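Following: one structure in structure tokens, then a few remarks.
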Amino acid sequence: MFFWFFRYFYVLFLLISLLLDFEFHILNFNFITLHFFYGFISILKDYVHQFELKLFLIFLGRLLILVLSSIIIEVIF
């Protein structure tokens, strides 16, 4: 019993601390959305050459990020 406690204590501590650390999740969500958005923009610059279509797709990408962030905020809080 004593060995099991020390063997898995750090895993339990890590899981509990990650569940309680909302700033960690918000920071990771920000990095993920920025990574998605910049990747989306680079794909648009490489493959879409019509300016109006590019603006429309950028608008849809920003709208998608706003909707996803509002859903995640509702789930967390």
Side-chain angles (χ1 to χ4, degrees):
M1 176 70 180
F2 189 69
F3 177 71
W4 180 87
F5 177 75
F6 279 114
R7 185 175 177 190
Y8 296 108
F9 177 71
Y10 68 93
V11 175
L12 293 173
F13 182 72
L14 179 68
L15 290 176
I16 291 171
S17 66
L18 286 179
L19 289 175
L20 296 176
D21 194 15
F22 292 119
E23 294 88 12
F24 177 75
H25 294 297
I26 291 172
L27 184 67
N28 277 337
F29 178 70
N30 286 336
F31 284 134
I32 289 170
T33 53
L34 282 175
H35 178 74
F36 167 75
F37 188 69
Y38 287 141
F40 184 68
I41 294 298
S42 67
I43 289 172
L44 286 179
K45 285 181 181 177
D46 289 341
Y47 296 112
V48 178
H49 300 291
Q50 293 177 350
F51 183 72
E52 293 83 12
L53 182 62
K54 205 182 288 189
L55 284 179
F56 180 68
L57 290 174
I58 289 172
F59 171 74
L60 286 180
R62 289 181 180 174
L63 187 65
L64 177 69
I65 288 173
L66 286 175
V67 169
L68 287 177
S69 63
S70 67
I71 289 172
I72 290 177
I73 287 173
E74 286 179 10
V75 167
I76 290 175
F77 299 109

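It should be emphasised that the depicted structure is a prediction, and the values quoted were computed from it without experimental measurement.
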So, for K54 and K45, which heavy atoms are closest and what is the spacing to 0.1 Å?
-> NZ-CA, 4.3 Å
When clusters are formed by joining ILVMFWY residues with side-chain heavy atoms under 4.5 Å apart, either directly or through shared neighbours, do L34 and I65 land in the same one?
-> yes
Point-to-point distance, once rounded to the nearest 0.5 Å, from CG of L68 to CG of L63 = 9.5 Å
Would you say L64 and F40 make side-chain contact, with heavy atoms under 4.5 Å?
-> no
Linked, directly or transitively: L53 and F51 (ILVMFWY side chains, under 4.5 Å) = no
same_hphob_cluster(F37, I72) at 4.5 Å side-chain heavy-atom cutoff = no
Treat each ILVMFWY residue as a node, draw an edge where side-chain heavy atoms are under 4.5 Å apart, and state whether Y47 and F36 are in one component.
-> no
Going from CD1 on I41 to CG on L57, what distance comes out if it is rounded to the nearest 0.5 angstrom?
-> 9.0 Å
Is there side-chain contact between L44 and I58, with heavy atoms separated by less than 4.5 Å?
-> yes
To the nearest 0.5 angstrom, please state how far the NE2 atom of H35 sits from the CD1 atom of I32.
-> 9.0 Å
Hey, what do you get for CZ (F59) to CZ (F56), rounding to the nearest 0.5 Å?
-> 7.5 Å
